[in-house]
Amino acid sequence: MQITIDKTHIEKIVAIIILFAAFFFVPYRIINLGFMAPDDANRHIAFSVTDKNWTDILIIEPSLSADHNAGWHHVLKKIHKYLGLDKEALLITVMISLFMIFNITGSLLSPNIASWIIVMLLIFVFNRVSFVRLFIGRPFIISSIVTLILFKLWFIESKKPINSVCKYLVSILCITIAVWLHGTWYTFLLLPVALLLSGKLIKSLELSLIILLSTAIGAYLTGEFEQFLYFHYAATLNIFTEKIYNWQLVTEFSEGDIYTSWVFPTSIIIILLIYSKKLKLNELSRDSLFIMILLCWMLSIKVVRFWVDWGAIALMFWLSHKISYLIEDMQSIKKPFLRWVLFVFTVLSFVLIIPSTAWNNQKERKSYSVDFSKPQLAEYKPLDGGIIYNDSMNHFYYQYFADPEGKYKYILGFEPAIMMKEDRKTYREIIYSLYHYSSYKPWINKLREEDRLFVSYDISSFYPQLDWIKAGKHLWIGKIKSSHHE
């Protein structure tokens, strides 16, 4: 039997190859310009190149010591072990891979490949924060990829109905993987809520049950079923019930930072769709994906992450479909040559425009961490068994990445909500007082010879009983003077 490949299939293969190249080149170029993932990606990588537990690294509440990204760390440890990648190479690999997988998934699930690239350019211009987050190498991008798949299975009305059993199995598999790798399972419940609000009760109930079943399986796979579920319950409760001001929260949990710039391009596209008779305005109330966008936008009034990690993903997928309808309506685009001109133009725009902005963040990384191998800084390294009392999570992220094998612990890690209550109270007072020198006194009173104090502002003149050195733009290190321990 002879297998033949028609011209259309060849075009698709060539287009996919071009896409792969573009989605690899853009993050690769940005990394070459000096950008490396900030915050949590650093601690994920550092954790995965050692055999430590979180209690070996942080001073935290014992009940909150479970690894809530167990699957992600398991995968990273395997990659580190079998590919022999050092921490820098592993971080770069993760950044590029997650960006590529997300965009390839979005492209293949969109009706038109060019429409996805147009959407990414629109998001880059009108919702830069959500776009940049796709580069930062964190496992929430896995949940975003799974969310795209769930949108395709549950939110988009297909001309060829998907087999129910297949839809259920794929959904269970994808959500289980996301729970195991990323962990934040409860945010998937936004999807059945959006289905319910758009009048799809049966679908909402079905997806809710699938999410709960998948969560149980994913939690079991972590090897810490009860501890895993308790962590997400207790840590989240601590974050949102603690009586502090909004500006004391980490940026992605803050409220009131409402993104509105996306409304302009979306309104233009809705007007064009209505003009071309591809959409009736009253249909939006039954559009589950559009309801998801509005739901996350409203919730972002309380927690901005509802938008940047969920609403923006829904917007990307919704726009990719609506722009596809507009492209299909253009008679000239039906000509193969002009179709390829549009595709090549959008890809080139994507490749040339995205890396053109300022991406270098190396100075920021260096300003919060220290190279203890330098002779003038060696004596300021914490001794074995010591504690770093740090007033910024950036000190933890970058110092831990720089020295993952360090035989000392951090008082503040990736989330204040898991700190010991006494230390969390001191940290909150430091932030509330805008880093006033007096707020550090509880930690300074606890300093031992093996401990070090990492502070973001110069308070050395107020504590002459300590030896001080400026180790970075946002890092002063203090230690007990040797004469105090004769």
Participant: If you draw a 6.0 Å radius around OH in Tyr28, do more than 12 non-hydrogen atoms from other residues or ligands fall strictly inside?
Facilitator: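 No - once you tally the heavy atoms of other residues, nucleotides and ligands closer than 6.0 Å, there are 12 at most.
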Participant: Would the Trp359 and Phe135 ring centres measure less than 6.0 Å apart?
Facilitator: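 Close enough - the centres of the two rings lie under 6.0 Å apart.
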Participant: Kindly write out the residues that satisfy side-chain hydrogen bond (donor to acceptor under 3.5 Å, both in side chains) with Thr346, not counting sequence neighbours, or none if the list is empty.
Facilitator: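 Partners of Thr346 by the side-chain hydrogen bond (donor to acceptor under 3.5 Å, both in side chains) criterion come out as none, since no residue qualifies.
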Participant: Is there a donor-acceptor contact under 3.5 Å from the side chain of Lys278 to the main chain of Ile270?
Facilitator: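 Flag not set: sc Lys278 to bb Ile270 has no pair under 3.5 Å.
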Participant: Using 0.5 Å steps for rounding, measure from the CD1 atom of Ile175 to the CD1 atom of Ile217.
Facilitator: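 That separation rounds to 10.0 Å.
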Participant: With sequence neighbours left out, what residues match Asn238 under side-chain hydrogen bond (donor to acceptor under 3.5 Å, both in side chains)?
Facilitator: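 So Asn238 forms no side-chain hydrogen bond (donor to acceptor under 3.5 Å, both in side chains) with any residue.
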Participant: Name all residues meeting the side chain to side chain contact (heavy atoms under 4.5 Å, CB included) criterion together with Ser367; count only those two or more places apart in sequence or in a different chain, and write none if there are none.
Facilitator: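 With sequence neighbours excluded, Ser367 shows a side chain to side chain contact (heavy atoms under 4.5 Å, CB included) to Lys473, His474, given in chain and number order.
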Participant: Does the Gln227 side chain pair with the main chain of Ser63, one donor and one acceptor, at a distance under 3.5 Å?
Facilitator: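 Checked: no pair found.
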Participant: For Asp51, is the CG atom crowded, meaning more than 12 foreign heavy atoms sit under 6.0 Å from it?
Facilitator: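 No, not enclosed.
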Participant: With the side chain counted from C-beta on, respond yes when Tyr410 and Ile387 share a heavy-atom pair under 4.5 Å apart, and no when they do not.
Facilitator: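 Not touching, per the 4.5 Å side-chain cut-off.
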Participant: Would you confirm whether Asn103, through its side chain, and Phe99, through its main-chain N or O, come within 3.5 Å as a donor-acceptor pair?
Facilitator: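 Answer holds: yes.
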Participant: Treating Arg128 as the side-chain partner and Phe124 as the backbone partner, does any N or O pair qualify as donor plus acceptor under 3.5 Å?
Facilitator: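 Yes, the answer is positive, given that a donor and an acceptor are paired below the 3.5 Å cut-off.
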Participant: With sequence neighbours excluded, what pairs up with Lys87 under the salt bridge (charged side-chain N to carboxylate O under 4.0 Å, His left out) test?
Facilitator: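 Applying salt bridge (charged side-chain N to carboxylate O under 4.0 Å, His left out) to Lys87 gives none.
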Participant: Sequence neighbours left out, what passes side-chain hydrogen bond (donor to acceptor under 3.5 Å, both in side chains) with Ser204? Give chain and number order.
Facilitator: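 Checked Ser204 against side-chain hydrogen bond (donor to acceptor under 3.5 Å, both in side chains); zero matches.
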Participant: For the side chain of Asn32 and the backbone of Gly34, is there at least one donor-acceptor N/O pair under 3.5 Å apart?
Facilitator: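 A pair under 3.5 Å: no.
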Participant: Within the distance-only criterion (no hydrogens, no angle test), does the side chain of Ser115 pair as donor or acceptor with the backbone N or O of Ser320 below 3.5 angstrom?
Facilitator: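 Yes: the side chain of Ser115 pairs with the backbone of Ser320.
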Participant: Is a side-chain donor or acceptor of Ser65 paired with a backbone partner of Pro62 at a separation under 3.5 angstrom?
Facilitator: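 Between the backbone of Pro62 and the side chain of Ser65 there is a qualifying donor-acceptor contact (under 3.5 Å).
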Participant: Identify every side-chain donor-acceptor pair in residues 52-61 under 3.5 Å, counting partners at least two apart or on other chains, and give the distances.
Facilitator:
from, atom 1, to, atom 2, distance (Å)
Lys52, NZ, Pro404, O, 3.3
Lys52, NZ, Gly406, O, 2.6
Asp56, OD2, Asn53, N, 2.9

Participant: Does the side chain of Asn127 come under 3.5 Å of the side chain of Trp307 through a donor N or O and an acceptor N or O?
Facilitator: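 Present: a donor and an acceptor within the cut-off.
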Participant: Considering only distance and modelled atom types, tabulate donor-acceptor pairs under 3.5 Å from the side chains of residues 161-171, sequence neighbours left out.
Facilitator:
from, atom 1, to, atom 2, distance (Å)
Asn163, OD1, Val165, N, 3.0
Asn163, OD1, Cys166, N, 3.1
Tyr168, OH, Glu206, OE1, 3.4
Tyr168, OH, Glu206, OE2, 2.9
Ser171, OG, Trp154, NE1, 2.9
Ser171, OG, Lys167, O, 2.7

Participant: To the nearest 0.5 Å, tell me how far Asp40 CG sits from Phe47 CZ.
Facilitator: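 Atom-to-atom, Asp40:CG and Phe47:CZ are 13.0 Å apart.
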Participant: Considering residues at least two apart in sequence or located in another chain, which fulfil the side chain to side chain contact (heavy atoms under 4.5 Å, CB included) criterion with Leu109?
Facilitator: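 Here the qualifying residues are Thr105, Leu148, Ile149, Lys152, Phe317.
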Participant: Closer than 4.0 angstrom, basic N to acidic O: yes or no for Asp371 and Lys366?
Facilitator: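 So Asp371 does not pair with Lys366 through a salt bridge.
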Participant: Between the main-chain N or O of Ile353 and the side-chain N or O of Ser356, is there a donor-acceptor pair closer than 3.5 Å?
Facilitator: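 Flag set: sc Ser356 to bb Ile353 pair under 3.5 Å.
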Participant: Is Asn390 reaching over with its side chain to a backbone N or O of His395, donor-acceptor style, under 3.5 angstrom?
Facilitator: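 Pair absent, no side-chain N/O of Asn390 close to backbone of His395.
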Participant: Please verify the inter-ring angle class for His68 with His232; under 30° counts as parallel, over 60° as perpendicular, anything in between as tilted.
Facilitator: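 Perpendicular, since the angle between the ring planes exceeds 60°.
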Participant: Going through the checks in order, is the side-chain contact (heavy atoms from CB on, under 4.5 Å) test met by Ile177 and Val146?
Facilitator: CA-CA 9 Å; Ile177 291 172; Val146 169; 5.6 Å; no
Participant: Please report the interatomic distance CG(Leu295) to CG(Leu197), rounded to the nearest 0.5 Å.
Facilitator: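 Those atoms lie 6.0 Å apart.
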Participant: Not counting sequence neighbours, which residues clear salt bridge (charged side-chain N to carboxylate O under 4.0 Å, His left out) with Arg424? List them please.
Facilitator: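 With neighbours one apart ignored, the set is Glu242.
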Participant: Considering residues at least two apart in sequence or located in another chain, which fulfil the side-chain hydrogen bond (donor to acceptor under 3.5 Å, both in side chains) criterion with Arg365?
Facilitator: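 Arg365 satisfies side-chain hydrogen bond (donor to acceptor under 3.5 Å, both in side chains) with Asn42 once adjacent residues are dropped.
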Participant: Looking at Tyr259, Trp310, Trp262, which hits ring-ring contact (aromatic ring centres under 6.0 Å, His included) with Trp297?
Facilitator: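 Of Tyr259, Trp310, Trp262, ring-ring contact (aromatic ring centres under 6.0 Å, His included) with Trp297 is met by Trp262 alone.
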Participant: Would Ile388 and Lys409 count as a side-chain contact (heavy atoms from CB on, under 4.5 Å) here? Give the steps.
Facilitator: CA-CA 6 Å; Ile388 291 180; Lys409 300 182 182 182; over 6 Å; no
Participant: What's the spacing between Ile92 CD1 and Leu85 CG if we round to 0.5 Å?
Facilitator: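 Between atom CD1 of Ile92 and atom CG of Leu85 there are 10.0 Å.
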Participant: Do the side chains of Lys322 and Glu283 get close enough for a salt bridge, i.e. N-O under 4.0 angstrom?
Facilitator: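 No, no charged N to carboxylate O under 4.0 Å.
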Participant: About how many Å separate CD1 of Ile269 and CG of Leu122, when rounded to the nearest 0.5 Å?
Facilitator: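 CD1 of Ile269 is found 6.0 Å from CG of Leu122.
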Participant: Checking Phe231 against Glu224 for the side-chain contact (heavy atoms from CB on, under 4.5 Å) test, could you report, in this order, the C-alpha distance in whole Å, the side-chain angles of both residues, the deciding distance, and whether it holds?
Facilitator: CA-CA 10 Å; Phe231 178 95; Glu224 297 181 295; over 6 Å; no
Participant: Could you check if a side-chain atom of Met316 sits within less than 4.5 angstrom of a side-chain atom of Ile313, using non-hydrogen atoms only?
Facilitator: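 A side-chain contact exists here, since the closest heavy-atom pair is under 4.5 Å.
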Participant: Please report the interatomic distance OH(Tyr400) to CG(Asp403), rounded to the nearest 0.5 Å.
Facilitator: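 So the OH of Tyr400 and the CG of Asp403 are separated by 10.0 Å.
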Participant: Relative to Phe140, does Arg133 satisfy both conditions: NZ or CZ under 6.0 angstrom from the six-membered ring centre, and within 45 degrees of the ring's axis?
Facilitator: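 The answer is yes, since Arg133 meets both limits relative to Phe140.
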Participant: Just to verify, what does Asp39 make a salt bridge (charged side-chain N to carboxylate O under 4.0 Å, His left out) with, not counting sequence neighbours?
Facilitator: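 Result, salt bridge (charged side-chain N to carboxylate O under 4.0 Å, His left out) vs Asp39: Arg138.
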Participant: Give the intermediate values and the outcome of salt bridge (charged side-chain N to carboxylate O under 4.0 Å, His left out) for residues Lys446 and Asp423.
Facilitator: CA-CA 11 Å; Lys446 294 200 298 184; Asp423 294 315; 2.7 Å; yes
Participant: Do any side-chain atoms of residues 180-196 form donor-acceptor pairs under 3.5 angstrom with protein atoms, and if so which ones, sequence neighbours left out?
Facilitator:
from, atom 1, to, atom 2, distance (Å)
His182, ND1, Ser143, OG, 2.7
Tyr186, OH, Thr236, OG1, 3.0
Thr187, OG1, Thr184, O, 2.8

Participant: Does Phe290 offer a backbone N or O that forms a donor-acceptor pair with the side chain of Asp287 under 3.5 Å?
Facilitator: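 Indeed, once roles are kept as given, a pair shorter than 3.5 Å links the two residues.
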Participant: Tell me if the aromatic rings of Phe350 and Phe23 count as close, with their centers under 6.0 Å from one another.
Facilitator: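 Judged by ring-centre distance (under 6.0 Å), Phe350 and Phe23 do meet the cut-off.
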Participant: Are Phe225 and Tyr220 near enough that their ring centres are under 6.0 Å apart?
Facilitator: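 For Phe225 and Tyr220, the ring centres are not under 6.0 Å apart.
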